[in-house]
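Please read the structure below before turning to the comments.
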Amino acid sequence: MKKKAQYLLLLLASITLGSCSPELSPPENQAGRAPVAKVVADEGPEVPQQRTMQNPTVNASGNFSKNAGVSFSRVNVSGPYIALTFDDGPHPSLTPRLLNILKSKNVKATFYLVGKNVDAYPGIVRRAVAEGHELGNHSYTHRLYSKMSMAGMESEITKTNDSIVRAAGVRPRTLRPPYGGMTQKQRTYIHDKYGMPCIIWQVDPLDWKRPGASVVKSRIVNETTSGAIILAHDIHEGTVDAMAGTIDTLLAQGYKFVTVSQLISLGSRSTAAR
Ligand code: NI
C-alpha cells in the first residue's frame, strides 16, 4: 500500500509539473484526467471472460430401426441437426485434446475407430464413451474393403467390434469403411448380418492433406447444411486446431450437434438408401 501511495504522489507531481510522459498523460486527453482514469481502471472489476458457446443437449435416442437404411452420407431431418465424425483414432495426444474441446462445448461426436489403435489406447476410448460420444467401426488395419474378400472384410469388422467392446463395453452401431470404399454387396451383407449401416459423409474438408486449420474450418463451415455428416480426422493436428472455431461458427449459425445414430433416428424414413 505504501508503494501505491508513493505512485499516486508521483502521479500528482507529474501532473502538476505538466509532464509529457506518454504513459501518464496521453496527448488526446486532458492533463490531470487521464492518469486518474488509468489508476481507477487498474483497480476496477475484471471484465468478465467471454463464455464458451454450448451445444444444446439433444435428447434423441440412438436406437434407430434396422429398416432405417443400409448407407448414409447425410440424413433428411426437420431440424438443424448435424453429425461431426472423426476417423482413424484414437491418437495418444490429439484425441484427448479434441475431447477437451468437445467437452467444453457440450458437443457429442462420433469416432470411427481403427481397431489396432483401440487396442493400443483403450483408456482414450473409455473416456470418449464416458463423455457421451458414440463409437463407430473403421476396420482393424485400415484396409480397403472393396478389394477384399467378404470373409476378409468381415474379419476386420468383427475384430474391431470386439476390441471396442473390450475397451469400452459398448458395441458400435455403425461402420465407416476405410477410404469410403465398400461395394454395395458388402454393405448389404454386413447390414443384413450385423444391422450396421455404412456411414459415408456429405462434408469432406480433405483435412488429411493437411491444408491448415483455417482452411479446414472454412471448408466445413461452407459445406455444412442440416442433416450433414461431416468427415474429419483426429490424427491431424491442424484438424484438432480447427475444431474450436469450426464448432463455435456452426453453433452461432444455429446448428445442433448430434451423434450419427441420433441423426439417423431423427431422420425421416424417406432418407433411407439401399
Ligand atoms: Ni480412415
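Heavy atoms only: backbone and side chains are in, while hydrogens, waters and symmetry mates are out. For this chain, numbers begin at 1 and follow the sequence in order. Every number for a ligand or one of its atoms is a count from 1 in the order of the listing.
Looking at H233, its side chain never comes within 3.5 Å of a backbone N or O of H236 through a donor-acceptor pair.
Look at H138 and the Ni ion (ligand 1): an N/O/S atom of the residue is under 2.8 Å from the metal. Within the coordination shell of the Ni ion (ligand 1), defined by N, O or S atoms under 2.8 Å, D87 is absent.
Our summary of the site lists the angle at the Ni ion (ligand 1) between NE2 of H142 and OD1 of D88 as 100°, to the nearest 10 degrees.
Enclosure of atom NZ in K103 is not indicated, since only 12 or fewer non-hydrogen atoms of other residues, nucleotides or ligands lie within 6.0 angstrom. Under a cut-off of 6.0 angstrom, the local environment of CZ in R143 is sparse, with at most 12 non-hydrogen atoms contributed by other residues, nucleotides or ligands.
Taking the ring centroids of Y179 and H142, they lie under the 6.0 Å cut-off.
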